[in-house]
Amino acid sequence: MVKLPIYMDNHATTPMDPRVLDAMMPFFTNQFGNAASRNHKFGWEAEEAVEEGRKQVAALIGADPREIVFTSGATESDNLAVKGAAWMYREKGDHIITCVTEHKAILDTCKHLEKEGFRITFLPVDGKGMVDLDDLCKAITAKTILVSIMTANNEVGVIQEIKQIGKIARERGVLFHTDAVQAAGKIPFNVNEMNVDLASLSAHKIYGPKGAGALYVRRRNPRVLLTPIIDGGGHERGMRSGTLNVTGIVGFGKAAQIAREELPRESAEMLRLREKLRTTLERELDEVYINGDLDKRLPGNLNMSFAYVEGESLLMGINDIAVSSGSACTSASLEPSYVLKALGVGEDLAHTSIRFGIGRFNTEEEVDYVANRVIDVVRRLRELSPLYEMAKEGIDLKSVHWATEA
Ligand SMILES: *Cc1c(COP(=O)(O)O)cnc(C)c1O
């Protein structure tokens with residue numbers, strides 16, 4: 001028997017790996033020093049642990065440890081990258097390019113800069129969620145200072161052509177930032193191979209602790225400078241002041257090390273489980289739609305819409321499974337998912353979408369349970385749906401004139 005509820009929302013956050021907790025424990029108790037204390041053993045131990053974490057995080061993305069700036073999480077990293085570059089290079093230009101399906105940490109940061117007088121181009125995506133490289137080329141002007149495009153999307157798992165985007169930006173002398181939160185540790189990601197100048201990472205998306213993140217900041221070819229958004233003691237080469245979160249960094253480092261070592265095996269296993277879930281659902285149910293490109297996608301992500309069911313009822317029916325939905329009433333915002341909207345998914349289908357995020361600790365048994373549960377509930381709801389019945393009888397619903405009450 002599987003243990004309920006089942007957690008299958010690993011894009012929102014991941015459970016911490018027990019090996020990560022073990023690595024962190026001493027730094028909560030005996031080794032509590034401040035990494036900036038230069039005069040005693042407590043400080044030296046903490047600094048040593050931070051530098052080990054820095055090496056481990058750098059190794060995950062093929063960076064030099066000196067290129068890692070620790071932050072409180074990827075929201076801060078995104079803010080530091082975009083605002084920091086915008087403020088630093090304002091003399092050079094006032095134009096930034098990003099994309100409509102970015103995380104709010106990027107979109108809202110760009111909107112903030114817009115109010116300060118920067119010009120922002122929000123590139124559209126196609127029906128599969130991909131940015132068009134011609135659109136990007138055309139958008140770049142002499143005033144463009146930064147391109148920020150995420151590596152993998154947190155809702156539909158779509159992976160952009162980061163290497164080519166980086167090449168385009170580099171050839172035109174424009175800095176390239178990528179929000180790599182969902183990609184790093186899940187798919188191969190190397191800042192040099194991919195021509196990346198700035199990259200945001202978060203520990204709690206890779207089985208590490210919440211409240212720890214990093215920004216990769218390129219040191220050579222080109223050397224990237226940033227205006228800090230937090231001033232103070234000059235930690236992290238002046239780019240991010242504040243006493244370092246030693247336990248968080250130790251945990252982040254350990255999580256990065258595990259992710260790097262296990263990536264080939266783990267990503268193959270995630271893909272196997274995801275494909276089992278997908279093919280089972282597609283075999284047993286008709287009128288299901290995959291949102292976003294199936295091939296250019298994170299191995300653990302499945303985002304699917306179930307036509308002719310009511311989104312609320314579907315979620316209620318599977319309330320022993322923790323997943324996310326593109327529907328309004330379950331999330332903090334009142335709009336259906338802006339990401340699905342950008343892909344051209346209609347409101348009806350957006351409301352019945354489910355994001356399955358398979359992670360390290362999901363088992364095949366759990367995947368089977370989830371598939372069976374979803375199949376049962378969707379079938380049951382459709383039995384009650386006159387629309388589904390009409391569609392099955394071949395009636396074109398668009399041709400039907402509905403009688404409306406006065
Ligand atoms: C989770 C997430 C963030 C925010 O990271 P925090 O560390 O929680 O602030 C940013 N971007 C993407 C793509 C994410 O999935």
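Both counts, for ligands and for their atoms, begin at 1 and track the order of listing. Note that the numbering runs from 1 along the sequence shown for the chain. No hydrogens, no waters, no symmetry mates; every other heavy atom, side chains included, goes into these values.
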Within the 3.5 Å criterion, strictly below it, is a donor on [X] or [Y] matched to an acceptor on the partner's side chain?
X      : Y      : value
Thr98  : Ser148 : no
Lys210 : Thr13  : yes
Ser200 : Asp78  : yes
Asp286 : Tyr388 : yes

For [atom], what's the nearest protein heavy-atom neighbour? Residue, atom name and distance, please.
atom                    : answer
atom 3 (C) of ligand 1  : His103 NE2, 3.5 Å
atom 10 (C) of ligand 1 : Asp179 OD2, 3.4 Å
atom 14 (C) of ligand 1 : Lys205 NZ, 3.0 Å
atom 8 (O) of ligand 1  : His204 NE2, 2.8 Å
atom 5 (O) of ligand 1  : Ala74 CB, 3.2 Å

Between Phe42 and Phe32, does the ring centre distance come in under 6.0 Å? yes

Just to be sure I read this right, does ligand 1 sit under 4.0 Å from the backbone of [X], its side chain, both, or neither, counting only heavy atoms?
X      : result
Ala105 : neither
Glu76  : neither
Thr75  : both

Interfacing atoms of ligand 1 (cut-off 4.0 Å, heavy-atom, [X]):
X      : answer
Gly73  : 7 (O)
Met150 : 13 (C)
Asn154 : 13 (C), 15 (O)

Is any side-chain heavy atom of Glu76 closer than 4.5 Å to a side-chain heavy atom of Ile230? yes

How about Ile149 and Phe176: do any of their side-chain heavy atoms sit closer than 4.5 Å? yes

So if I apply the side chain to side chain contact (heavy atoms under 4.5 Å, CB included) rule between Trp87 and each of Ile229, Val82, Leu226, which one comes out positive? Ile229

